[in-house]
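Indexing begins at 1, ligand by ligand and atom by atom, following the structure's order.
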Amino acid sequence: MKKTDNRNINIALLGAGTVGGGVYRLIKENREEFKDRTGAVINVKKVLVRDMSKDRTGFDKAVLTDDFNEIISDKDIEIVVELMGGLHPALEYVTESLKAGKQVVTANKDLIAEHGELIGNLAEQMGSDLLFEAAVAGAIPIIRPLKQSMAGNNISEIMGIVNGTTNYILTKMSETGMSYSDALAKATELGYAEADPTADVEGYDAGRKVAIMATIAFHSRVVFNQVYTEGITKITADDIRYAKEFGYVIKLVGVAKQTENGIEAKVHPMLIPEDHPLAGVRDSYNAVFVHGDAMEDITFMGRGAGMMPTASAVMGDVIDVCRDLVYDSCGRVGCNCYKKMPVKRIEDSESKFFLRIIAEDRPGVLANIASVLGNNDVSIAQVVQKSRKSGTAELVIITDTVLEKNINDALAVFKGMSVVKDIPGVIRVY
Ligand code: NAP
Ligand code: HSE
């Protein structure tokens, strides 16, 4: 490998939104520093947008284009940085860029979680870099550590908070009593939410991140539709209040676990004990806990979303690619999926549960409910009768660890019982 001095590296940004704006600003403000760090002057030659008429404060008008052909046909553009989001045309643009011999950096978890194999193989064939640190947990370095620093371990579990929008919403609802819709509007204004925030609040964004981390950590391909996802849209102020009374906070948690009979990959709200480190991860912060056989436990924590935190992760990748180009090398470490493990169905995994049940307030009802749980092998750890009004009582039950299938069977029986009026809360417990 021979270093080329005084290199000029032209890059193109696909997207000038929250993240694109942050990356453009970092490059503009740190040109000299980045030159010293990489040995190359990094020049943003083109920025692709959809709508040329929008105000683009901070951008040099001359670099803006709405025509991808100007980028793909420009031999002087060596790195394409995809910051548009969504599957199409991101997939086509990334594929064409790799085929044209360009290096690619992307922050797009949808793309990696669904088409990682396709574009990863293409990058490998072309001997190009394909880096995506910003696709998982914003500013937190987790892809590179999983691929490189922890490569000497057998990783058995990854767990954490990997969506900034929902963590912000739950924090505001819990700490300030802000409404769900106001908190979501604020998270969108702060640039945390996806273009369609359904992806955040329904757990799809976190599910994509779990798929990506599981694939890399367990060396076995996990795609998004194999990840169980449940979002925060059903969490109410009552759930948050009851959780507090029991000494818990509610967080949207992602889990990827390697078990004897397959991989568990899931995202769902969870009651976390107030003294657990995850309980203190607030606002747009994310945290990822990784367990490996040699290293034991490692925790990563930092801003999980937002303009400059995400630009930080993208820029780390761009700088890495520039260093490779300066040495005329390829630093890519592929996903290394040399195993083929099944992904378990949610019914076959285990959890503790918090149940809120509204039932008729008369003798024998609690015994009935307890016997349904018992008949389905669900053992009760705690039970409290909360409010009593107009002939109904609210029961709050916390179970021991049970098979998900068993709790589902018990819930199906409750739904057919006339004494059970409503089951407004079913949340997993740490
Ligand atoms: P954004 O603010 O919605 O910006 C998207 C940009 O892409 C806009 O400039 C848009 O152009 C452009 N664009 C979209 N579709 C296009 C098309 N078909 N052709 C040309 N340009 C197109 O999104 P963002 O928040 O920056 O997110 C970008 C990516 O980063 C997504 O993959 C997201 O998941 C990921 N990410 C975001 C964050 C975050 O905190 N925001 C964190 C980590 C990762 P117009 O401006 O003309 O509409
Ligand atoms: N919408 C995502 C989030 C952006 O809120 O975490 C970071 O991936």
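Pairs passing the side-chain hydrogen bond (donor to acceptor under 3.5 Å, both in side chains) check and including a residue from residues 112-141, sequence neighbours excluded, read Glu133-Arg144.
Of the candidates Gly164, Ala187, Gly304, the one placing a heavy atom closest to atom 7 (C) of ligand 2 is Gly304. With atom 35 (C) of ligand 1 as the reference point, the heavy atom nearest to it among Ser53, Ala134, Ala107 is part of Ala107. For atom 42 (C) of ligand 1, the nearest non-hydrogen atom from the set Leu190, Asp55, Thr310 belongs to Thr310. When the heavy atoms of Glu82, Arg56, Met84, Met52 are ranked by distance to atom 17 (C) of ligand 1, first place goes to Met84.
Ion pair Glu194/Lys109 flagged as a salt bridge, since at least one NZ, NE, NH1 or NH2 atom sits closer than 4.0 Å to an Asp/Glu carboxylate oxygen. Between Lys186 and Glu189, at least one side-chain nitrogen of the basic residue sits less than 4.0 Å from a carboxylate oxygen of the acidic one, meeting the salt-bridge criterion. Classification of Arg7 and Glu78 as a salt-bridged pair holds, one side-chain N sitting under 4.0 Å from a carboxylate O. Between Glu404 and Arg345 there is no salt bridge, since no side-chain nitrogen of the basic residue lies less than 4.0 Å from a carboxylate oxygen of the acidic one.
Scanning the protein for heavy atoms near atom 28 (C) of ligand 1, the closest one is Leu83 O, 3.2 Å. Remark: minimum distance from atom 3 (O) of ligand 1 to any protein heavy atom is reached at Ala195 CB, 4.3 Å. Among all protein heavy atoms, the one lying closest to atom 33 (C) of ligand 1 is Glu194 OE1, 3.5 Å. Ranking protein heavy atoms by distance to atom 12 (C) of ligand 1, first place goes to Gly15 CA, 3.8 Å. Among protein heavy atoms, the minimum distance from atom 26 (O) of ligand 1 is reached at Val19 N, 2.8 Å. Atom 40 (O) of ligand 1 has as its closest protein heavy atom Gly306 N, 2.7 Å. Distance from atom 39 (C) of ligand 1 to its nearest protein heavy atom, with residue and atom name: Gly191 O, 3.6 Å. In terms of protein heavy-atom proximity, atom 32 (O) of ligand 1 is nearest to Gly85 CA, 3.1 Å.
The only member of Val402, Leu411, Leu373 that meets side chain to side chain contact (heavy atoms under 4.5 Å, CB included) when paired with Phe353 is Val402.
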### Message
Assess the residue pair Met159 and Met270 against the criterion (side chain to side chain contact (heavy atoms under 4.5 Å, CB included)); give the C-alpha distance rounded to whole Å, side-chain angles, the decisive distance to 0.1 Å, and a yes or no.
### Response
CA-CA 12 Å; Met159 179 201 172; Met270 192 177 233; 4.2 Å; yes
### Message
Apply salt bridge (Lys or Arg N to Asp or Glu O under 4.0 Å) to residues Arg241 and Asp238 and explain how you reach the verdict.
### Response
CA-CA 5 Å; Arg241 185 165 49 83; Asp238 280 346; 2.8 Å; yes
### Query
Can you check salt bridge (Lys or Arg N to Asp or Glu O under 4.0 Å) on Asp74 and Lys46, steps first, answer last?
CA-CA 10 Å; Asp74 188 336; Lys46 289 282 170 204; over 6 Å; no
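Proximity to Leu48 (heavy-atom distance under 4.0 Å) selects the following atoms of ligand 1: 20 (C). Heavy-atom contacts of Asp51 reach the following atoms of ligand 1: 47 (O) (cutoff under 4.0 Å). Each of the atoms 1 (N), 2 (C), 3 (C), 5 (O) of ligand 2 lies under 4.0 Å from some heavy atom of Asp200. Atoms of ligand 1 found under 4.0 Å from any heavy atom of Ala16 (numbered from 1 in listed order, with element): 6 (C), 8 (C), 9 (O). Interface atoms of ligand 2 facing Glu194, defined by a heavy-atom separation under 4.0 Å, are 1 (N), 2 (C), 4 (C). Near Asn163, the atoms of ligand 2 lying under 4.0 angstrom from a non-hydrogen atom of the residue are 2 (C), 3 (C), 5 (O), 6 (O). Applying the 4.0 Å criterion to heavy atoms of Lys209 picks out, from ligand 2, the atoms 2 (C), 3 (C), 6 (O), 7 (C), 8 (O). Taking a cut-off of under 4.0 Å to the non-hydrogen atoms of Tyr192, the atoms of ligand 2 that pass are 1 (N), 2 (C), 3 (C), 4 (C), 5 (O).
Between Gly17 and ligand 1, an N or O atom pair is found at a separation short of 3.5 Å. Ligand 1 has an N or O atom lying under 3.5 Å from an N or O atom of Arg50, backbone or side chain. Among the atoms of Thr18, some N or O lies under 3.5 angstrom from an N or O of ligand 1. At least one N or O atom of Lys109 sits closer than 3.5 Å to an N or O atom of ligand 2. Taking distance alone, with nitrogen or oxygen atoms compared against 3.5 Å, Ala193 stays at or beyond that limit from ligand 1.
Between Thr65 and Asp67, the side chains place no donor N or O within less than 3.5 Å of an acceptor N or O (distance only, hydrogens not considered). A side-chain N or O of Tyr242 and one of Glu394 form a donor-acceptor pair less than 3.5 Å apart. Side-chain contact, Asn154 with Asp293: a donor N or O sits under 3.5 Å from an acceptor N or O.
Closer than 4.0 Å to atom 23 (O) of ligand 1 lies none of the heavy atoms of the protein.
Remark: distances from the non-hydrogen atoms of Gly138 to ligand 2 are all 4.0 Å or more.
Residues that satisfy the side chain to side chain donor-acceptor pair (under 3.5 Å) test with Asn336, not counting sequence neighbours, are absent from this structure.
Residue Thr165 touches ligand 2 through backbone and side chain together, judged by heavy-atom distances below 4.0 Å. For Asp205, every heavy-atom contact with ligand 2 shorter than 4.0 Å involves the side chain, none the backbone.
Here the closest non-hydrogen pair linking Gly86 and Asp110 is CA-OD2, 4.3 Å.
The closest side-chain heavy-atom distance from Tyr248 to Ile398 is below 4.5 Å.
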